[in-house]
There are 2 protein chains.
Amino acid sequence: MDISAKTDYAVRALLTLADAQRTDARPVPAEVLAEQQDLPRKFLEAILADLRRAGLVTSVRGAAGGYRLARPAGQILLGAVFRAVDGPLAEVRGLRPHETAYTGAAQHLPTVWVAVRASLRRVLDEVSVEDVLSGKLPAHVRRLLAAEDAWASR
Amino acid sequence: MDISAKTDYAVRALLTLADAQRTDARPVPAEVLAEQQDLPRKFLEAILADLRRAGLVTSVRGAAGGYRLARPAGQILLGAVFRAVDGPLAEVRGLRPHETAYTGAAQHLPTVWVAVRASLRRVLDEVSVEDVLSGKLPAHVRRLLAAEDAWASR
DNA sequence: GTGAATCCTATGGGTTAAGTAGGGAATAGT
DNA sequence: ACTATTCCCTACTTAACCCATAGGATTCAC
């Protein structure tokens with residue numbers, strides 16, 4: 001699982017947007033988002049375009065323009081952000097996990113790939129931008145973090 | 001999460017190897033593994049070299065040579081296979097999840113990345129080659145698969 | 001109309017993924 | 001000793017992708 005710079009930037013931009021909207025309803029220019037999280041502005045623009053096409057943000061053109069969350073931060077799931085900028089959560093050689101097929105000793109492998117995807121969904125489709133902003137993650141996610149070596153390398 | 005062809009091939013080769021060893025102790029040539037799972041032979045050779053360096057298989061050179069599992073299939077975890085051929089399970093812009101650092105609204109983001117990694121570990125570091133071969137996955141993995149839409153796209 | 005901002009298309013450089021090619025080194029069977 | 005088999009190693013290729021950047025066209029508040 002390589003979380004791309006694109007996805008990382010997208011989440012950070014949305015967090016910054018969510019934070020700004022708590023005190024100010026005006027749209028936030030890409031330039032400001034880029035500054036606050038130290039992101040390359042032109043690249044960020046392309047990412048915001050993806051997020052707009054996916055319906056996660058809305059944009060306002062012209063002077064005093066910028067970006068807004070398309071809905072409350074609590075209703076924007078990280079899974080949606082991943083899919084918007086990087087496509088499906090899990091793929092195996094370009095196939096969706098449930099589309100893979102094998103013969104012989106590898107017969108049951110699709111089950112494993114589907115389980116991998118399901119475990120990603122359990123995190124990404126149940127954590128919202130609001131959750132991350134406030135640091136209050138769902139209980140079952142906190143339970144994952146409680147594993148003794150969750151913060152250690154392997 | 002893109003599961004690479006390399007990783008896919010590695011797991012399939014190990015499954016085939018485990019299967020063969022249930023009835024025959026002789027080492028299995030790369031050519032045979034390639035045939036049985038329809039993998040490009042030369043590419044597979046490179047992958048088997050990774051697995052050998054990681055201590056997952058042993059090799060025997062010369063006529064009547066081939067590959068063997070370095071230990072019982074029940075003691076080879078998928079996580080080890082992933083790491084052997086593709087490096088760390090999760091990375092963010094080239095960093096390990098626990099090494100990421102952010103300011104401002106993204107403060108709590110490392111927690112999320114660590115949770116993502118933890119959830120992958122819960123599957124990959126608890127399922128062995130033997131489990132996949134027999135189709136008998138651990139209970140908590142089967143529970144993931146029981147989610148109503150585990151097999152559906154999103 | 002002017003300046004601020006998004007939107008669109010094109011482009012580039014570097015890295016990686018996936019696979020190929022060719023031959024050297026070891027070994028079992030004869 | 002010879003031969004066929006098989007692993008081992010280095011180098012190469014080809015295409016795709018990732019991470020941007022450039023330059024302008026369009027929209028809009030004032």
Side-chain angles (χ1 to χ4, degrees), chain A residues 1-13 17 20 25-35 37-54 56-70 82 84-88 91-95, chain B residues 1-13 17 20 25-35 37-54 56-70 82 84-88 91-95:
Chain A
M1 170 117 212
D2 273 20
I3 293 165
S4 65
K6 214 169 163 184
T7 302
D8 182 60
Y9 295 173
V11 175
R12 288 159 68 187
L17 216 40
R26 285 175 301 181
V28 185
E31 177 66 31
V32 172
L33 297 174
E35 270 170 21
Q37 285 292 323
D38 194 29
L39 310 177
R41 185 177 139 264
K42 274 304 212 175
F43 191 31
L44 177 59
E45 268 187 42
I47 293 166
L48 287 164
D50 284 338
L51 296 176
R52 179 175 49 77
R53 279 186 287 269
L56 301 182
V57 302
T58 58
S59 62
V60 181
R61 300 179 74 164
Y67 296 88
R68 282 199 188 93
L69 296 183
F82 273 63
V85 300
D86 257 354
E91 284 189 323
V92 183
R93 288 175 8 245
L95 297 175
Chain B
M1 168 117 213
D2 273 20
I3 293 166
S4 66
K6 215 169 164 183
T7 302
D8 183 59
Y9 295 173
V11 174
R12 287 159 69 186
L17 216 40
R26 286 176 300 182
V28 184
E31 178 66 30
V32 173
L33 297 173
E35 269 169 24
Q37 286 291 322
D38 194 29
L39 312 177
R41 186 179 137 263
K42 277 303 213 178
F43 190 31
L44 176 59
E45 271 189 38
I47 293 166
L48 287 165
D50 284 338
L51 296 177
R52 180 175 47 78
R53 279 187 287 269
L56 301 182
V57 302
T58 59
S59 62
V60 180
R61 299 177 76 163
Y67 296 88
R68 281 199 189 91
L69 297 183
F82 273 64
V85 301
D86 257 355
E91 284 189 324
V92 184
R93 288 176 9 246
L95 296 175

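Numbered from 1 within each chain, the chains take letters A, B, ... in sequence-line order.
As a whole-Å value, the separation of B:F43 CZ from D:dA11 P is 19 Å. For the pair A:D50 CG and C:dT6 C1', the computed distance is 15 Å after rounding to whole Å. Atom CG of B:L48 is separated from atom P of D:dC9 by 13 Å (rounded to the nearest Å). Rounded to an integer number of Å, the gap from A:D2 CG to C:dT15 P is 16 Å. B:E45 places its CD atom 12 Å from the C1' atom of C:dA21, with the value rounded to the nearest Å. The nearest whole Å value for the distance from the CZ atom in B:R93 to the P atom in D:dA20 is 9 Å. Remark: P of C:dC8 and CD1 of A:I47 are 16 Å apart, rounded to the nearest angstrom. The separation between B:L44 atom CG and C:dG19 atom C1' is 12 Å, rounded to whole Å.
Nearest to the side chain of A:Y67, among C:dC7, C:dT20, D:dA20, sits C:dC7. Listed nucleotides C:dA28, C:dA26, D:dT27 differ in distance to A:R61; the shortest reach to its side chain belongs to D:dT27. Considering only side-chain atoms of B:A64, the nucleotide from C:dA28, C:dG19, C:dT6 that sits closest is C:dA28. Taking the side chain of B:A63 as heavy atoms from C-beta on, and the options D:dT26, D:dC9, C:dT27, the nearest nucleotide is C:dT27. The side chain of B:Y9 has C:dG19 as its nearest neighbour among D:dA20, D:dC7, C:dG19. For B:P29, counting side-chain heavy atoms from C-beta on, the closest listed nucleotide (D:dT21, D:dC19, D:dC7) is D:dC7.
For D:dT6, neither phosphate oxygen OP1 nor OP2 lies less than 4.0 angstrom from any side-chain nitrogen or oxygen of B:S59. The side chain of B:R52 places an N or O atom within less than 4.0 Å of a non-bridging phosphate oxygen (OP1 or OP2) of D:dC9.
Each of B:R41 and A:K42 was assigned the nucleotide of DNA chain D with the nearest heavy atom; the assignment lying further toward the 5' end belongs to B:R41. Remark on DNA chain C: of its neighbouring residues A:G66 and B:I3, the 5'-side contact belongs to A:G66, judged by nearest-heavy-atom nucleotide.
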Can you check side-chain contact (heavy atoms from CB on, under 4.5 Å) on A:D2 and B:D2, steps first, answer last?
-> CA-CA 8 Å; A:D2 273 20; B:D2 273 20; over 6 Å; no
Taking it one step at a time, do A:L17 and A:L33 satisfy side-chain contact (heavy atoms from CB on, under 4.5 Å)?
-> CA-CA 7 Å; A:L17 216 40; A:L33 297 174; 3.9 Å; yes
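With hydrogens and angles ignored, no donor-acceptor pair closer than 3.5 Å exists between the side chain of B:K6 and the base of C:dG19.
Contact of the B:I47 side chain with the B:V85 side chain is registered, since non-hydrogen atoms from C-beta on lie closer than 4.5 Å. Counting heavy atoms from C-beta on, the side chains of B:K6 and B:D50 come closer than 4.5 Å.
Between the A:R53 side chain and the A:A84 main chain, no donor and acceptor come within less than 3.5 Å of each other.
Scanning both residues, A:A30 and A:E45, for their nearest heavy atoms gives CB-CG, 4.2 Å.
In this structure, A:A30 reaches the sugar-phosphate backbone alone: every heavy-atom distance under 4.0 Å involves primed, P, OP1 or OP2 atoms, never a base. Residue B:G65 is classed as a sugar-phosphate contact, given heavy-atom separations below 4.0 Å to backbone atoms only.
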